[in-house]
Colleague: 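Take this structure, written in structure tokens, and hold onto it; I'll ask about it next.
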2 protein chains.
Amino acid sequence: MTLTTELRKIVESQIDQVIKGIEHTFSRIIETHKITPTDLKDELDSLEETFNLLFQKWSLEILYTLQLKNSIGFSEIKKILCVNSRTLSDKLKMLQKHGYITRTVTVGPPLRVEYALTSKGKNTVLLALPLLYYSSAT
Amino acid sequence: MTLTTELRKIVESQIDQVIKGIEHTFSRIIETHKITPTDLKDELDSLEETFNLLFQKWSLEILYTLQLKNSIGFSEIKKILCVNSRTLSDKLKMLQKHGYITRTVTVGPPLRVEYALTSKGKNTVLLALPLLYYSSAT
DNA sequence: TTACTTTGTATACCTTGTTGTATTAGTAAA
DNA sequence: TTTACTAATACAACAAGGTATACAAAGTAA
């Protein structure tokens with residue numbers, strides 16, 4: 001059994017309760033609010049930055065890679081994801097700026113730059129996993 | 001208290017256990033596998049379609065709108081999200097094709113086309129919520 | 001000195017997706 | 001008949017983002 005199938009299987013076996021929990025929380029809010037289009041627009045605006053940052057190409061791929069490999073260098077990420085240097089450099093900077101990853105330079109010799117997840121980054125990946133595996137299942 | 005703050009507060013109060021549950025599941029898998037770069041690459045490839053579909057612009061916004069408004073017409077979505085007709089039309093078609101939403105035409109005057117979430121779409125939104133609120137919090 | 005590695009940066013091109021504007025089809029109301 | 005509304009579609013133009021290619025700094029080894 002491949003890693004993918006195994007991961008998917010375990011995620012699926014627990015997803016129902018996760019969904020039920022969230023749904024309960026959510027419907028409690030909805031019941032007590034009449035949601036106007038304006039509320040909805042505000043709601044979406046407040047989430048927009050996260051949307052844009054997290055869901056652009058490579059962001060989650062990078063975070064997931066870091067989750068599975070702990071600490072990792074620039075070239076290794078590049079090799080695994082087959083991503084352009086420029087693109088990778090930009091994304092890493094952006095993820096670091098927003099507190100998802102740390103960048104540690106080991107001066108020396110040999111020079112080495114290690115990237116790793118912060119706790120925010122780690123939790124973000126963990127929360128993204130059920131979503132990804134659930135939607136890709138069916 | 002606005003809807004946004006209230007949602008965020010409730011999500012936050014429960015997010016720790018959700019994360020803990022997922023982490024436990026996840027680390028159980030990791031411990032028993034030595035993950036090679038090839039495994040990782042395969043893993044990411046298998047999720048790529050979901051990445052691309054779900055995380056492109058407007059997809060989650062549309063799903064979230066449907067979640068909050070139940071059944072809704074084309075123009076209403078357009079008005080709420082301020083999205084171009086063409087773009088909205090494309091996205092709705094794509095989401096329908098992949099089983100996230102249903103499209104129901106009421107022929108008789110007046111003509112009306114209703115969009116609503118399938119259970120897959122609904123669960124997808126529910127799973128996306130903690131991720132969005134968590135990452136936008138800090 | 002020369003060659004090689006790692007970690008990027010610089011430049012310019014190109015693709016993709018999104019938008020604005022206009023248009024169509026069907027129906028109803030004035 | 002004209003106007004208005006819903007649900008799209010058509011097409012040109014634009015902007016953002018990603019890519020290829022090349023190159024640079026800093027160090028190591030032969």
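So you know, we letter chains A, B, ... as the sequences are listed, proteins then strands, and number each from 1. Everything quoted here is computed from the prediction, not taken from an experiment.
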Colleague: Counting heavy atoms from C-beta on, name the nucleotide in D:dG18, C:dT7, D:dA7 closest to the side chain of A:Arg112.
Modeller: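 Comparing D:dG18, C:dT7, D:dA7 against the side chain of A:Arg112, the answer is C:dT7.
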Colleague: Determine, step by step, whether A:Thr102 and A:Gln96 satisfy the side-chain contact (heavy atoms from CB on, under 4.5 Å) criterion, reporting the C-alpha distance in whole Å, the side-chain angles of both residues, the deciding distance to 0.1 Å, and the verdict.
Modeller: CA-CA 6 Å; A:Thr102 58; A:Gln96 187 195 352; over 6 Å; no
Colleague: Rounding to an integer number of Å, can you tell me how far A:Asn52 CG sits from C:dG17 P?
Modeller: 16 Å
Colleague: When you measure only distances, ignoring hydrogens and angles, does the side chain of A:Asn84 come within 3.5 Å of the base of D:dG18 through a donor and an acceptor?
Modeller: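 No pair found.
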Colleague: Counting only side-chain nitrogens and oxygens, does B:Ser89 get under 4.0 Å of the OP1 or OP2 atom of D:dT9?
Modeller: yes
Colleague: Within less than 4.0 Å of OP1 or OP2 of D:dA8, is there a side-chain N or O belonging to B:Tyr115?
Modeller: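 Answer yes for this pair, as a side-chain N or O of B:Tyr115 is under 4.0 Å from OP1 or OP2.
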Colleague: Separation of A:Lys78 atom NZ from C:dT5 atom P, in whole Å?
Modeller: 14 Å
Colleague: How many Å lie between CG on B:Leu81 and C1' on C:dT18, as a whole number?
Modeller: 14 Å
Colleague: B:Thr87 has a side chain; which of C:dT19, D:dA8, D:dT19 sits nearest to it?
Modeller: C:dT19
Colleague: Can you check the A:Trp58 CH2 to D:dG18 P distance for me, whole Å?
Modeller: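 In whole Å, D:dG18 P and A:Trp58 CH2 are 9 Å from each other.
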Colleague: Using heavy atoms to find the nearest nucleotide of DNA chain C for B:Ser85 and B:Asp90 separately, return the residue whose nucleotide is more 5′.
Modeller: B:Asp90
Colleague: So, is B:Lys93 close to the D:dT9 phosphate, meaning a side-chain N or O under 4.0 Å from OP1 or OP2?
Modeller: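 Yes.
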Colleague: Grab the NZ-P distance between B:Lys91 and C:dT16 for me, whole Å please.
Modeller: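 Atom-to-atom, B:Lys91 to C:dT16, this comes out as 14 Å.
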Colleague: Between C:dT15 atom P and B:Gln56 atom CD, what is the distance in whole Å?
Modeller: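 So the two atoms are 20 Å apart, to the nearest Å.
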Colleague: Salt bridge check, B:Arg86 against B:Asp90: does any charged N sit closer than 4.0 Å to a carboxylate O?
Modeller: yes
Colleague: For A:Asn52 and A:Glu49, indicate whether the former's side chain and the latter's backbone hold a donor-acceptor pair under 3.5 Å.
Modeller: no
Colleague: Side chain of A:Val113, heavy atoms from C-beta onward: which of C:dT6, D:dT19, C:dG8 has the nearest atom to it?
Modeller: C:dG8
Colleague: Give the rounded distance in Å between these two atoms: CZ of A:Arg86 and C1' of D:dA22.
Modeller: 14 Å
Colleague: Quickly work out the B:Phe74 CZ to C:dG26 P distance and round it to whole Å.
Modeller: 18 Å
Colleague: Within the structure shown, what part of the strands sits under 4.0 Å from A:Ser75 by heavy-atom distance: base, sugar-phosphate, or nothing?
Modeller: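 Sugar-phosphate, no base atom in range.
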Colleague: Apply salt bridge (charged side-chain N to carboxylate O under 4.0 Å, His left out) to the pair B:Arg112 and B:Glu114, showing each step before the final yes or no.
Modeller: CA-CA 6 Å; B:Arg112 186 149 173 83; B:Glu114 299 274 350; 2.6 Å; yes
Colleague: With a 3.5 Å distance limit and no angle check, can you tell me whether A:Thr124 reaches the backbone of B:Ser135 through a side-chain donor-acceptor pair?
Modeller: no
